[in-house]
Protein chains: 2
Amino acid sequence: MPTIKYYLREGLLPAGVLTSPNQAHYDDEHLRRLRLVRALADVGGLSIASVREVLAAIDTRDESLHNKLGAVQEAISQPSAVELDPLAIEDVQGFFARQGETECADVTESNVTHMLAAALSVARSVGHDQFRDLLDPYLEGLKIIAQADLDYIARQSTRDDIIEAMVVGTLIGDTVLKAVRRLAHAQVSRDVIGDGPVGPAS
Amino acid sequence: MPTIKYYLREGLLPAGVLTSPNQAHYDDEHLRRLRLVRALADVGGLSIASVREVLAAIDTRDESLHNKLGAVQEAISQPSAVELDPLAIEDVQGFFARQGETECADVTESNVTHMLAAALSVARSVGHDQFRDLLDPYLEGLKIIAQADLDYIARQSTRDDIIEAMVVGTLIGDTVLKAVRRLAHAQVSRDVIGDGPVGPAS
DNA sequence: GGATAGCAGAGAGTGCCGCTATCCATTCAG
DNA sequence: CTGAATGGATAGCGGCACTCTCTGCTATCC
C-alpha cells in the first residue's frame with residue numbers, strides 16, 4: 001500500500017477523486033493502470049522513470065498509432081552506455097540496406113537501432129565479429145512472430161485496447177520470447193548435441 | 001581500473017599470477033574474461049551475482065555441454081517475485097503437451113518455465129488471457145532462430161569457444177532479437193497500419 | 001460530543017547494489 | 001635514494017525503489 005502512495009507521488013498513477021480532503025476514490029481504471037505499472041516494472045524490468053515515459057507516450061492523445069508505437073519503443077529501449085564499434089554500426093547499416101530499408105544515416109538516432117549496434121559492438125568486443133550473420137535469419141523468424149503480434153493486436157476492439165496491447169505485447173512478448181527461445185535451445189541441445197560433447201571433445 | 005579490483009574481489013575474475021608480492025601478471029585469458037563479464041553485465045543486464053553464477057557454470061569442468069547449457073540458462077534467468085496464476089501454469093503445460101514435450105509436472109522446477117509462467121501470469125493480470133495463443137507462432141519463428149543459433153555455435157572450434165558462444169549468443173542474441181523485433185514491428189506498423197488509425201477510430 | 005481510527009500528502013529514512021576512494025606496505029624504475 | 005605505481009583491504013558514495021513517519025484532517029462509533 002505505501003508503494004501505491006509512492007507511485008502516486010511519482011506520477012505513475014493519476015490522483016484519485018477526492019470525495020473529502022482526506023478521502024480519495026479510486027475506480028477500476030486506477031486499478032487497471034496500477035496493474036499495467038506492475039507489469040511493466042516486474043516483467044518488462046523497466047525503471048520507474050521508463051514506466052513514466054511509457055505511460056506518457058500512451059496518454060498522449062493526438063498521435064497516430066504508428067507514432068505512438070515509435071514513442072513507446074523509444075521509452076522501453078533505454079540506451080546503454082556501451083561505446084559503439086564503427087564496424088558494428090556498419091553491420092547495422094548493411095542489414096538495413098539488405099532489407100531495402102530506408103537509409104539509416106545515424107544509428108544513434110533511435111534507441112532501437114542504438115541498442116542493436118550496442119549489442120553487436122559488445123559481441124565484437126568478445127571476439128564474435130560474425131554475430132551479424134545472425135541478423136538475417138533472426139529477421140526471418142521474427143517475421144512470423146511479428147505477424148502473430150499483429151494478429152493479436154488486431155483482435156483488440158477499442159483504440160485504447162490496441163495501444164495497451166502494443167505495450168503489453170511488446171514487453172511481455174519479449175520475456176515470453178526469451179523463455180521459449182531457451183526452451184527451443186534446450187530441445188535442440190537434447191536432439192542434436194545430445195548428452196555427449198559435440199565437435200572436438202573436451 | 002578500480003572496477004577491475006572490485007571484480008577481482010567479487011571473484012568474477014581469477015587472481016593474476018603474482019610475480020612479486022605487489023606485482024601480478026594478467027594474461028589474455030584475464031582480458032577475455034573481463035570482456036565477457038562486461039558483456040554479460042552491460043548487454044545481458046545481469047547482476048554481479050548472476051554473472052558469478054554464469055561463470056561458475058562455465059567453469060565447471062565435468063559436465064556435458066547439454067548440462068552446461070542448462071546451468072547457464074538457470075543462471076541467466078533469475079526468477080521474479082511474481083506470483084503465478086494457476087491458469088497461466090495450465091497455459092504452459094498445455095503448450096508443452098502440444099509440443100509433445102516431456103511432461104512438465106512442476107513449472108517452478110526450472111527458472112525458464114517459471115519465467116514463462118510468470119510472464120503469462122502478468123499478461124492475465126492485465127486482462128490479456130489470450131496471450132498464450134502466441135506461444136505456438138512464437139515457437140514457429142523461434143525454430144528458425146534456434147537453428148541459426150545452432151549453426152553459429154557449430155562454427156566454433158574448441159569446446160571452450162562453444163561454451164562461450166552459447167552464453168554470449170544467448171544473452172546478446174536476446175538483445176539483438178529484441179531490437180530486430182522492434183524494427184519488424186515498426187515496419188509492419190508502417191506497412192499495414194500506416195499513419196492512420198486502424199480499427200475503430202479514436 | 002468526545003475519543004478514536006483512518007486516510008491524504010509530503011519529507012526523510014532505509015537497504016541494496018555497483019562501483020569508487022582511501023590507506024598502507026611493498027617494490028620497482030630512474 | 002626517491003618517487004610513482006601496485007596489490008590488498010576497508011570504508012564510503014550515489015542512485016534507485018521503496019518504506020516510515022509525521023502532520024492535518026475527517027468520518028465514525030459510543
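Chain identifiers are assigned alphabetically (A, B, ...) following the order of the sequence lines, protein sequences preceding nucleic acid strands; residue numbering begins at 1 within each chain.
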Does [X] put a side-chain nitrogen or oxygen below 4.0 Å from OP1 or OP2 of [N]?
{"X": "B/S47", "N": "C/dC17", "value": "no"}
{"X": "B/T3", "N": "C/dT20", "value": "yes"}
{"X": "B/Y7", "N": "C/dC19", "value": "yes"}

Open item on the list: Please check this pair: side chain of B/S189 against backbone of B/H185, looking for a donor-acceptor N/O pair closer than 3.5 Å.
Closed with: no

Once you round it to whole Å, what is the distance between [atom2] of [N] and [atom1] of [X]?
{"X": "B/Q78", "N": "C/dC16", "atom1": "CD", "atom2": "C1'", "answer": "15 Å"}
{"X": "B/L8", "N": "C/dT20", "atom1": "CG", "atom2": "C1'", "answer": "15 Å"}
{"X": "A/E10", "N": "D/dC18", "atom1": "CD", "atom2": "P", "answer": "10 Å"}
{"X": "B/K5", "N": "D/dA9", "atom1": "NZ", "atom2": "P", "answer": "11 Å"}
{"X": "B/I4", "N": "D/dA5", "atom1": "CD1", "atom2": "P", "answer": "16 Å"}
{"X": "A/M1", "N": "C/dG6", "atom1": "CE", "atom2": "P", "answer": "12 Å"}
{"X": "B/L46", "N": "C/dC17", "atom1": "CG", "atom2": "P", "answer": "14 Å"}
{"X": "A/Y6", "N": "C/dC7", "atom1": "OH", "atom2": "C1'", "answer": "21 Å"}

TODO: Both distances under 3.5 Å, Watson-Crick or G-U wobble: report the partner of D/dG15, or none.
DONE: C/dC16

Open item on the list: With a 4.0 Å cut-off on N to O distance, would you call A/D160 and A/K68 a salt bridge?
Closed with: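 Salt bridge flag = no for A/K68 with A/D160.
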
Task: B/D91 and B/R124 ion-paired at < 4.0 Å - done: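 Yes.
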
Open item on the list: If you only use heavy atoms from C-beta on, which nucleotide in D/dT19, C/dG18, D/dG7 is closest to the side chain of B/I48?
Closed with: C/dG18

TODO: Give the nucleotide from the list D/dC20, C/dA8, C/dT20 with an atom nearest to the side chain of A/R9.
DONE: D/dC20

Open item on the list: Quick one, B/E29 and B/R32 - any side-chain contact, counting heavy atoms below 4.5 Å?
Closed with: yes

Open item on the list: When you compare the side chain of B/L120 with that of B/D85, does any pair of heavy atoms fall below 4.5 Å?
Closed with: no

